[in-house]
Amino acid sequence: MGDEMITRKLPSNQEDMKDITEIDLQDYKDVDSIAFYQVPTNLGSGMSMESERSVRVHTCTDHKGVNFLHKLLHRLLEHKEVYSNVVNLLFHGIEWQTEGVQLLCSFLGPDSSVKQVEFQKNVFGTKSATALVPLSEMIQRNNTIRAIVFSDCRIGATGAKLLASALANNRGVEEFQLLDDSIGAKGAEELSKMIEVNYMLKLLVILDNSSIAAAPIFSAVLGRNRRLEVHIWGHCRDTRGGMNSCKIAEFQPGTGSLRIYNNINSTGLQRVACAMAWNTTVSTLDMSGVPLKSKWTKELRGVLERNRMLKTVKLTRCCLRDKAVVYIAAGLFKNNYLESLSLDGNRFGGGGLEHLLCPLSTFSPLQRQANIALKVLIFGGHQTNIGRYGITAILQMLETNQSLLKLSICDDVSLRPNDVVRIFTSLERNTTLRSLSLKGCRGVEGEVVLQTIMSMLQVNPWIEEIDLHETPLHVAGKTGEIYEKLGQNGSLVVPSDSLDLPLSAPTCCQVFLCGQELSGKSTLCSSMKHCMNSMKLPRMDEIRTSKAPIEQMAHSNENGMNIIFDGKTKLTMCSLGGTEESIALHDFMFAVHGGPRIFMVVSSLIGKPADKYPKSIDVVEQELIYWLKFIVSNSRRRVSHSFVPCVTIVLTHYDKVSHLAEGLQLIAATVQKLREDFCSYAEIYPTVFAVDSRSHVSVSKLTHHLRNTTKTILQQVPQVYEVCNDLVKYLHNWRLKNNKAVLRWSEFCEICQLSIPVLRLRSRHDNAEKLDTRRRAVAKSLHNLGEIIFFEELGVLIMNCEWFHQDILSQLGALKSIKTENSGFVRKQDLEKILQEKLCNQIQRSNWRAGSSLQSSDIINMLLKLELCYEQDPGNPNTLLLVPAMLEESKEGTQRWQLTMPECRYAGRHMECEDTHMFLTDDFFPRLQVHLHNKITCLGNQQGAVYNLEKNLIYTVINGVHVRVELGMKLGSSIDVLACSTRNVTDMVRLLHKLVIPTILNLSPSMTFKESIIRPSCVKYIIPQRFRATQLLPVKRIKQILLSLPAESMYDYQHTWSAIESNKRVILISGLDHARDLLSDDDFHEVLHRRYYDLQHLATELAVSPDSLQQSETIPESDAVDPSILGIAKGVEMVLQRLKRIEQGIQDLKEEIARLRYYEYHLVTELHRKMDYAINYSIQLEERKVPQLFYLVSLDNRSKKLVTRILPGMRSLRVHMCCEFRQEMHVLEDQVGCDLIQVDNQAVQSLLPYMSTFMKLLTFALKIGAHFIVGMGEMIPDLSRQVVHLLDSSVMYGATTSTLSLGALGAAAMYGKARSNSNQSGANGMGEDMKTARQWLVDFLKGQGILTGMDIAQRFGLWRIRYRDDGHIAWICRKHIVARADEIFELPL
């Protein structure tokens, strides 16, 4: 139908009245909107189509009193199902009567389809709006209507009350509008009550004559956290004096924005503010342009303290003064959620601004920023007077704030150019601010301001935006350069994957003065510093007057560390020595860092300053030995072994003993002896400096030596990053300027950004992670140089290492007075309190900034990181701490085990450093106590339920095993680990080797420990350590003993312990212990397996092929055996195959030993039989004119050593021969032999095959305990280094049989390279080799004039005989001829 209007006039005469009910509405049954307009009677009733689905109905009462509206409503009610599409009803200008309201309420019943009902300028009765009563009852029952609108219906407070009560129980209406009405305060209160209980309402629009309705409604909406969109309108006068509609307030729940415009009284504003305290729906509060009083801001303070959802507050042009801003600042102190605050255009001054910025600033390194949530802050304006106090607060905030991203100072007229310069200068240290706006500020003018901004942008790439519009600098057209630089800071920089830092030699060195108390270290240090810094040596008259000032200088050193600059080289003088507690912590300085260093061992020639007689040579020597061992032990912890420490010995107080020249000569001789002893561990300068520490002339040579030594060392040590050398000088000057000894990581990054271009972030898009990695690498390099102590995980850098050691760590020794709990624990809170007091005392004594960044909690974290203490319950703030440095020795007399049961077994291991030039330093055992506790804790199974500590003692229970770890004697190098349990020895030893001993080795990686077994009785009765020295059995030694025994003797071998006596009193009687009880099953199996692996390996060396191993193990004795080395190897196959089966089926030690013994017996028998064949080889060719078994010995150092490797040019050799009696071959002790002057190439070619064969047979026999050549083992040299590539790890370490094996294989190695593979060496080739060796022997004997058998008997003590049973010929000694006369007969010589 479109916009076409269809009008149908209704008949007015009486006869047509019957037809009025017959009006056909079928044409309008599809409409969804019907608008009813009441018109005067003369216009008549009618209908028209406004659109395709909208009908406009004009209703009136005719002259007969018939109301068309009632008729039509009655019709709609009768055919309700026909008009089910109607959803919108509009009533305009209707004067409602009771009948009409009832018809409407009936039509809008529970099953109605109408969604929206709107009343415009309707009249609901003249008094009390009586027509609204049934309507309100209908609304209360109806659940289909979604929107209700009353526009200019003048329902007043009464109507508002009725509608509010209806909506309070309605759960269908979502939109309610009340326009152009005056509901008053009472009506508003009723609506607020409705809002408190109705949670379905989504939109509320009120246009009232008064603004008084806003406060109750908004307070209900905010107080109940209703997500209800509210718009409150009112009337206000325009500029011409007329009344216009204006918005008073609105709330958009979608964006969380609450905007209050105007016309709400102060009481209402306070009510709204109170409702926001616990509100969760408002995120933005905009009060711009609303005059506010301090009372309202007082309520806002409570909102800021409690509200957690408010993110933005805009209070622009609100006439706020200082008092109001103070309330806002107070709220910011407790607010951690507000992100944006706008206060521009107000009237507060510098005092209010100072309070406002206080929660955004810090005034001490110990203080934390109160508000870290605010990101945007805007203030300023023509009426804002920042003043002197305000600019100070701004600078403090910019220098210390770590959260603000945007700062805007708008249209300010109080800032001067100098103030602007200070603002931009402070931004050089700010790394968080991204945007700064000084729009319209008059103080932004001049060239100085421009240059300051450009300098700031050079070091601060984080600034992304600077707004200078409407400033004098912008008007002058000078801001283009600034914006160009901002664009460069925002450009992308190609990241570098490497550190890309150049290297150079370091320019800093540490000088450690090691010495006892009163040795003159401080005075010596001051004198060297004076000489190093002076341009020329002082005159003699100056020397006499400089003694007292030097001493005073030594005691008035504020920094606690002497720094000497020799050109570009920095020398740091550190003093080591003093009290026992102080010495125990000296090792910390070596544990945390390394770097180039020089050691000066300072020893006083007198005991005390008042003594007149010098120290004895023994005392001086012991003191020097202690410090040399101390230096070596600590230097090897971090420095490579290839770089030995440089040590200079200085003797002080020479002026008091200068007349005793003989004593100095003895000391010089002692030093020379120590140089020879420590030559591989320390580079000791040969010159000993005897000085008077107070005299500059006396120490001048020492100073010159120090300068030259420093240059040499700096050239030898590895290079460092070149930027480190720049930082060394800069950090030194910075520390002196700021008097700070501690830096946070953020402060170090700030220094790098401001002053070190290489470590500067060039662009805000630069790779920050790569730059952070570079900075950390440089910090670690400075740490390794010894310039700083860098705790990376804690983010702390100690600038003054000696201050940290003397003033912080040394306080641990003074904490022994703290009340301790059980087992020496202290409460963490008590320790923090005492450390904080001592830290404050240190700060007050020097300067509060020296350690101002350090707190007691930081110290405890450092102690935990350095493993100087541990927590009983990590993560619990009330946990107990144990600091081993506070422990004291036990006052108990006799030590006992906590486990006392008859079936207990005991085991002990003694770990002693093999190198006598090193010892366990004083910090070792405290760190072991902590490290072992942490390791047990990390097991996760609560295995260390008991862990008690005493000084130099650990007592713990792990898996039912009681373990005691005891430190050796003072300045010793050993640790005893004792175990007691009802378990067997194997379980206890396994636990020690799995947990305790590896922990000891990890803490001292540079030391090699020798493990010994402690006598079980000493462990049982906990015999004191001073008596255990004779009750130790090295593990290697007992294994060697077992390997040297035949198999049948291994299991029953017993070790004999000597008795312990003291003052002629027997403490522990002598006793015996089986080796199987001293060693664990693992160790005993290792010994047995080594025997087996040696056999297997030697079979491989004898070229046994895999095919031969698969043959039958039975070899009849009647079979002919090839008398070659290959034949001998084949004869051993039977034993090897059976041993392999034994290895797979071992059940226990006794069974394994029994089987090994059985087959070893057959192996030895077979070996002797094969040896006889080898001796009688080629008997038909030569008739045995000369002996067959000969060997060479070396005559160096007046002792005989078997030659296992023969090389051309060897001298001082002698040829010897063995007695060849079968199965009883041996060496003749008194044999003269024959000298071999020099070995030539021909001798090498002839003897190498024979020596290879002979050494293999000899090694094979000795490795299985068959010493068939008696006396040969004493002549075996240690050749393990030469042939270690020929053997696997199963070779015995240090055993005589092992060295023999290695020597034999060494002799065969050279020969093996010239020969083919083992499968190519048959019996014929071997026979030719042996024939060549015998021919050489015959020629050699002829050359020596030994032509007959009588000559051989005279030189070698051997006679030729023939066995009666088999007819074989041999050369034997006279003893065998006499003893075995019935088995042999002599042959003519």
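If you're wondering where the values come from, they're calculated on a predicted model, not measured in any experiment.
- Side chains of L374 and L341 form a contact here, defined as non-hydrogen atoms less than 4.5 Å apart.
- The shortest side-chain heavy-atom distance between R301 and L304 does not fall under the 4.5 Å cut-off.
- A salt bridge is defined here as a Lys NZ or Arg NE, NH1 or NH2 lying under 4.0 Å from an Asp or Glu carboxylate O, and D322 with R347 fails to meet this definition.
- Partners of Y327 according to the ring-ring contact (aromatic ring centres under 6.0 Å, His included) rule, which considers only residues two or more places apart in sequence or in another chain, do not exist here.
- Contact check for D467 versus L438: no side-chain heavy atoms found under the 4.5 Å cut-off.
- Note that CD of E52 and OG of S33 are 12.5 Å apart. Values are rounded to the nearest 0.5 Å.
- Panel note: side chain R224, backbone A220; no donor-acceptor pair is recorded below 3.5 Å.
- The distance from the CD atom of E465 to the OG atom of S408 is 9.5 Å, given to the nearest 0.5 Å.
- Atom NZ in K202 sits 6.5 Å away from atom CD in E174 (nearest 0.5 Å).
- No side-chain donor-acceptor contact under 3.5 Å links S112 to the backbone of L108.
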Q: Please step through side-chain hydrogen bond (donor to acceptor under 3.5 Å, both in side chains) for the pair T144 and N142, ending with a clear verdict.
A: CA-CA 6 Å; T144 59; N142 186 283; 3.0 Å; yes
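- W96 is listed as a side-chain neighbour of L104, based on a closest heavy-atom distance under 4.5 Å.
- The shortest side-chain heavy-atom distance between L163 and I139 falls under the 4.5 Å cut-off.
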Q) What do the steps show when you test N244 against H235 for side-chain contact (heavy atoms from CB on, under 4.5 Å), and what is the final call? A) CA-CA 5 Å; N244 291 328; H235 295 281; over 6 Å; no
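- Taking the side chain to side chain donor-acceptor pair (under 3.5 Å) definition, one finds that S294 meets it with nothing, sequence neighbours left out.
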Q | Derivation of the side-chain hydrogen bond (donor to acceptor under 3.5 Å, both in side chains) call for E95 and Q97 | A | CA-CA 7 Å; E95 294 182 3; Q97 299 176 5; over 6 Å; no
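- Ring centroid separation for the pair F91 and Y37 does not come in under the 6.0 Å cut-off.
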Side-chain atoms of residues 190-198: list all donor-acceptor pairs with protein atoms under 3.5 Å, sequence neighbours left out, distances to 0.1 Å.
unit_1, atom_1, unit_2, atom_2, d
S192, OG, E189, O, 2.5
N198, OD1, M200, N, 2.9
N198, OD1, L201, N, 3.1
N198, ND2, L167, O, 2.5
N198, ND2, N170, O, 3.2

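- Relative to the six-membered ring of Y199, R226 misses at least one condition, a distance below 6.0 Å or an angle of at most 45° to the axis.
- In the displayed structure, R171 atom CZ is contacted under 6.0 Å by more than 12 heavy atoms of other residues, nucleotides or ligands.
- T384 places a side-chain N or O within donor-acceptor distance of the main-chain N or O of N346, the cut-off being under 3.5 Å.
- Here the closest non-hydrogen pair linking P359 and A329 is CG-O, 3.9 Å.
- Atom CG of L178 and atom CG of L204 lie 8.5 Å apart (nearest 0.5 Å).
- The side chain to side chain donor-acceptor pair (under 3.5 Å) test with H92 singles out one residue from E118, Q120, R56, and that residue is Q120.
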Q) Given the rule in the side-chain contact (heavy atoms from CB on, under 4.5 Å) test, do L343 and I378 qualify, once you have shown the distances and angles that lead to the verdict? A) CA-CA 6 Å; L343 297 174; I378 303 174; over 6 Å; no
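- For H231, there are no ring-ring contact (aromatic ring centres under 6.0 Å, His included) partners two or more places apart in sequence or in a different chain.
- In summary, the side chains of S435 and E464 do not present any donor paired with an acceptor at a separation below 3.5 Å, with no hydrogens or angles considered.
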Q: Could you check E175 against R146 for side-chain contact (heavy atoms from CB on, under 4.5 Å), going step by step and ending with a plain yes or no?
A: CA-CA 6 Å; E175 178 180 344; R146 296 292 179 260; over 6 Å; no
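- Looking at L103 and E99, their side chains come closer than 4.5 Å, going by heavy atoms from C-beta outward.
- Not one N or O on the side chain of Q252 forms a donor-acceptor pair closer than 3.5 Å with the backbone of G254.
- For the pair F68/F36, no side-chain contact is recorded, criterion being any heavy-atom separation below 4.5 Å from C-beta on.
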(Q) Apply side-chain contact (heavy atoms from CB on, under 4.5 Å) to residues D181 and L207 and explain how you reach the verdict. (A) CA-CA 7 Å; D181 210 327; L207 174 58; over 6 Å; no
Solution key, residues 275-291 side-chain donor-acceptor pairs under 3.5 Å, sequence neighbours excluded:
unit_1, atom_1, unit_2, atom_2, d
N279, OD1, T281, N, 2.8
N279, OD1, T281, OG1, 3.1
N279, OD1, V282, N, 2.7
N279, ND2, L222, O, 2.8
N279, ND2, N225, OD1, 3.0
N279, ND2, T281, OG1, 3.0
S283, OG, T255, O, 3.2
S283, OG, G256, O, 3.3
D286, OD1, S288, N, 3.0
D286, OD1, S288, OG, 2.7
D286, OD2, R259, NE, 3.2

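- For K121, the NZ atom sits in a loose shell: 12 or fewer heavy atoms of surrounding residues, nucleotides or ligands are nearer than 6.0 Å.
- Rounding to the nearest 0.5 Å places CD of E299 at 11.0 Å from OG of S266.
- Heavy-atom contacts from other residues, nucleotides or ligands closer than 6.0 Å to CD1 of I212 number 12 or fewer.
- For H74, the NE2 atom is loosely surrounded, since the number of other residues' heavy atoms within 6.0 Å does not exceed 12.
- In this structure, S51 contributes its side chain and S54 its backbone to a donor-acceptor pair below 3.5 Å.
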Q: Begin from the C-alpha positions of R154 and D180 and carry the test salt bridge (charged side-chain N to carboxylate O under 4.0 Å, His left out) through to its verdict.
A: CA-CA 8 Å; R154 299 181 182 181; D180 289 326; over 6 Å; no
Q. Can you list the steps and then say if K375 with E339 is a salt bridge (charged side-chain N to carboxylate O under 4.0 Å, His left out)?
A. CA-CA 5 Å; K375 308 299 181 184; E339 297 179 355; over 6 Å; no
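- Counting non-hydrogen atoms of other residues, nucleotides and ligands closer than 6.0 Å to NZ of K323 gives a total of 12 or fewer.
- To the nearest 0.5 angstrom, L407 atom CG is 5.0 Å from F379 atom CZ.
- Residue K406 qualifies as open at atom NZ: its count of foreign heavy atoms under 6.0 Å is 12 or below.
- Residues I264 and L269 form a side-chain contact, since some pair of their non-hydrogen atoms from C-beta on lies under 4.5 Å apart.
- Applying the 6.0 Å contact sphere to NZ of K439 captures no more than 12 heavy atoms from other residues, nucleotides or ligands.
- Surrounding NE2 of H355 are at most 12 heavy atoms belonging to other residues, nucleotides or ligands under 6.0 Å away.
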Could you go through residues 312-320 and list every donor-acceptor pair under 3.5 Å that involves a side-chain atom there, pairing it with any protein atom two or more places apart or in another chain?
unit_1, atom_1, unit_2, atom_2, d
T316, OG1, D344, OD1, 2.9

